[in-house]
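Below: the structure, in structure tokens.
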There are 2 protein chains.
Amino acid sequence: MNRSGGTFSKDGDRATQLSNVALLYYGEGLTQSEIAKRLQVSRVTVVNLLRDARDEGIVEIHVSGRHLTESSLSRDLRDKFGLEDVYISDTFNSAETDRAAVLRQLGRVAATAFLNVVEPGDKIGVAWGETVLALCNALPRARVEGVEVSQLIGSMISDRVPASETCAIQIANQIGARCFTLHAPAIVSTVDLARALRLEPTIAAQMNRLRALDMVVSSIGNVSKDTHLVAAGMATPGEAKAAEKAGAKGVICCRYIDAQGQECALPPSDRVVTTSLKNLRAARKIMLVVCGEDRADATRAAIAGGFATHLCVDRGLAAALLQSNS
Amino acid sequence: MNRSGGTFSKDGDRATQLSNVALLYYGEGLTQSEIAKRLQVSRVTVVNLLRDARDEGIVEIHVSGRHLTESSLSRDLRDKFGLEDVYISDTFNSAETDRAAVLRQLGRVAATAFLNVVEPGDKIGVAWGETVLALCNALPRARVEGVEVSQLIGSMISDRVPASETCAIQIANQIGARCFTLHAPAIVSTVDLARALRLEPTIAAQMNRLRALDMVVSSIGNVSKDTHLVAAGMATPGEAKAAEKAGAKGVICCRYIDAQGQECALPPSDRVVTTSLKNLRAARKIMLVVCGEDRADATRAAIAGGFATHLCVDRGLAAALLQSNS
DNA sequence: CAAAGATGTTTACAAATGTCAATTTTTATT
DNA sequence: AATAAAAATTGACATTTGTAAACATCTTTG
């Protein structure tokens, strides 16, 4: 019908057409109608071509992460805590308490930050939490060469808390990395079983792999009755309360830490199958993704313990961290 | 940057805000109205913020160049001439003879191709021509580390033909490269003066720099009365006609080449201040940007002479190149 | 050959977007 | 404190865009 105008026959030809249309629209700035006239097709077709071009990744829209660290708030936090970078998500949730939207935006900022920080060849450990999941969900498909993603924490079954497994696999998928999972529950019922599992060859091998990580992606949990440890059924409310009394300020990798970031030997830390805090701290780049002002104490504890080099937080938490007295 | 710390931090805050708004719009997919409501500003302001985010390079819209080489036409050309890659711009100019539009689209394709081909640390030589200028004009701001851009051909004064100087500077600006210009006319009136100029230390130094290029961006000129050599006042119509009679098929770097791509020792080749064809051919990556079916013979000559590894052409020229008998 | 499917077209409509000019608010400067 | 300059807002408007439904054309396939 429009053979001379630019009908393509093969798949590759189609991709070329998509690229050219995309260039006309996003590059040259023509309107869809103008493009339709040139191609001698209907405008609806152009709409579809452009959608396909975006869907197939021929057109990429990328928001630079560098600028997320340039606010004064970010700089002040960096200076105060000696962090490498602080990415702040603006939530603007003045009236609304749409926590889901706040999380999504933080996830997007964290995903942008992640792509800024990750380097080809990195071995990455991925932990837990709704903020980490938000990062995963916002991560665009962007190949990074030679990356290995490992699960830091055993698997678990819970409706409310996203598993480390899920997060690790999702990140690996998006950046085209190899993924190593931990074939064990995150927490078991007896100390003996936990010890036996850690000695199990396949698990021990994976644990060994976690000793030389380049980068870690994690969050930090609160110590209170709504901590995710309890939510995930991994601790009783009583245990949590006891931990709080004992001076625990945060939860990372299913382990309690005090205000100085030192591990508190409290249950259920002896029944978990996760990497050790020593290994966690050893990573060169540790990206902590945290949401909510009520996490300020926990975040401070994590920073004090050396569990963060890069921070992704919402504006509220950022302000809370700065206001702190000490 | 020329102000106190206070102003600087405000600028940074603004960049952070732009990033966040951009993420909401391009990432989360909110409408401008929704974003305005969240920020509690007017929608007009959001429009402006988004425009600024694009202008300041916080949002980048990138069209993948890979797909431009996947059409069967591209593959056939690659196979026939043994080229590394062939990028084809679709012009769709069925009825219209808007040569400017065709050029712009080719420029955009070539710019995309350029960014695909250039590698950090490359030393790039840049030549002449309206197609090369079209590439420059379409080149987005995209930093490439450690690149040096050099002018392949002396400067010239002409309204009709864009100078090598202009092109080199523009490319260097866009990719943040260092730029070396040739402080000499492209053509002078006597053979002796040309020789003397080439021996001039500053010019000789620059010429030396052109002996170890990683990449070249050039076009190829026609041998006919409307060749750009004549248009730029660098040759008389008589000379051009004589060259054509003598078997010259194309003009590259102000020098005539025959069908086999060998240099024809014809005037004004002995009065030009440009890199030698030997140096040109020595570059690892040579990107030839050519527009128009009437350049088919010249393009074939250039390819035969080893003056192309990567080709950027419009669909018409691509078809013409394939149809050729030999 | 006919039915089924895919693809593109036309038409129509609602929503989103870009832009303008007039006005108010904020900020900087004297 | 007054005022000039800059920035944001408002409301109105035309354009652009996304989407849907009904129809036409071509290809595949049994």
Side-chain angles (χ1 to χ4, degrees), chain A residues 1-61 63 67 71-72 90 92 94-95 101, chain B residues 1-61 63 67 71-72 90 92 94-95 101:
Chain A
M1 173 158 293
N2 42 14
R3 300 199 62 78
S4 60
T7 297
F8 297 80
S9 48
K10 304 215 177 80
D11 270 4
D13 292 351
R14 174 179 156 73
T16 301
Q17 184 187 36
L18 291 184
S19 297
N20 272 282
V21 172
L23 280 173
L24 285 174
Y25 186 74
Y26 291 105
E28 178 96 2
L30 297 185
T31 105
Q32 297 175 351
S33 311
E34 291 172 300
I35 297 175
K37 203 164 62 184
R38 278 214 214 179
L39 269 82
Q40 304 182 329
V41 298
S42 72
R43 189 176 64 77
V44 176
T45 303
V46 176
V47 173
N48 293 332
L49 289 174
L50 287 172
R51 181 178 27 68
D52 292 348
R54 283 188 300 265
D55 288 350
E56 295 177 23
I58 291 174
V59 173
E60 285 171 40
I61 300 183
V63 179
H67 302 275
S71 68
S72 53
D90 259 317
F92 316 114
S94 46
Chain B
M1 50 184 63
N2 47 4
R3 298 278 176 82
S4 72
T7 327
F8 177 74
S9 78
K10 276 185 71 180
D11 284 354
D13 289 350
R14 175 179 155 71
T16 301
Q17 184 186 37
L18 291 184
S19 298
N20 273 282
V21 172
L23 281 174
L24 284 174
Y25 186 73
Y26 291 105
E28 179 94 2
L30 298 185
T31 78
Q32 297 175 350
S33 310
E34 291 173 298
I35 297 174
K37 203 163 63 184
R38 278 213 212 179
L39 268 80
Q40 303 183 327
V41 298
S42 72
R43 190 176 64 78
V44 177
T45 303
V46 175
V47 173
N48 293 332
L49 288 174
L50 287 172
R51 180 176 30 68
D52 292 348
R54 284 188 300 264
D55 289 350
E56 294 177 25
I58 292 174
V59 173
E60 286 172 39
I61 300 184
V63 179
H67 303 274
S71 68
S72 53
D90 260 313
F92 315 114
S94 45

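What you see below is based on every heavy atom in this structure, not just the backbone, and it leaves out hydrogens, waters and symmetry mates. Numbers restart at 1 for each chain; the letters A, B, ... are given by sequence-line order, proteins then strands.
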In whole angstroms, the gap separating C1' of D:dT19 from CZ of A:R51 amounts to 10 Å
Residue pair A:R54/B:N48 against DNA chain D: nearer the 5' end by closest nucleotide is B:N48
What is the nucleic acid contact for B:S42, judged by heavy atoms within less than 4.0 Å: base, sugar-phosphate only, or nothing? base
Atom CD of A:Q40 and atom P of C:dT7 are separated, to the nearest Å, by 22 Å
From CG of A:L30 across to C1' of D:dT17 the rounded distance in Å is 15 Å
Rounded to the nearest 0.5 Å, the OH atom of A:Y26 sits from the CD1 atom of A:I58 at a distance of 12.0 Å
Between NZ of B:K37 and C1' of C:dA16 the distance, given in whole Å, is 14 Å
Atom CG of A:L49 and atom P of D:dT17 are separated, to the nearest Å, by 14 Å
- Would you mind reporting whether A:L18 and B:H67 have side-chain heavy atoms less than 4.5 Å apart? no
Across all chains, not counting sequence neighbours, the side-chain contact (heavy atoms from CB on, under 4.5 Å) partners of B:R51 are B:N48, B:R54, B:D55
- Look at B:T31 and C:dA15 and indicate whether a side-chain polar atom (N or O) is within less than 4.0 Å of OP1 or OP2. no
Smallest heavy-atom separation, A:S33 atom then A:R43 atom, equals OG-CD, 3.4 Å
B:D52 atom CG is separated from C:dT19 atom P, nearest whole Å, by 12 Å
Nearest heavy-atom approach of A:L50 to A:A22 is CD2-CA, 4.1 Å
Is any side-chain nitrogen or oxygen of B:Q32 closer than 4.0 Å to OP1 or OP2 of C:dA15?
no
Residues at least two apart in sequence or cross-chain that pass side-chain contact (heavy atoms from CB on, under 4.5 Å) with A:E60, listed by chain then number, are none
Hits for side-chain hydrogen bond (donor to acceptor under 3.5 Å, both in side chains) against B:S42, two or more places apart or cross-chain, chain-then-number order -> B:T45
Between the protein and nucleotides 13-15 of chain D, which nitrogen or oxygen pairs are less than 3.5 angstrom apart?
none

Ranking A:Y25 and A:V44 by the position along DNA chain D of their nearest nucleotide, the one closer to 5' is A:Y25
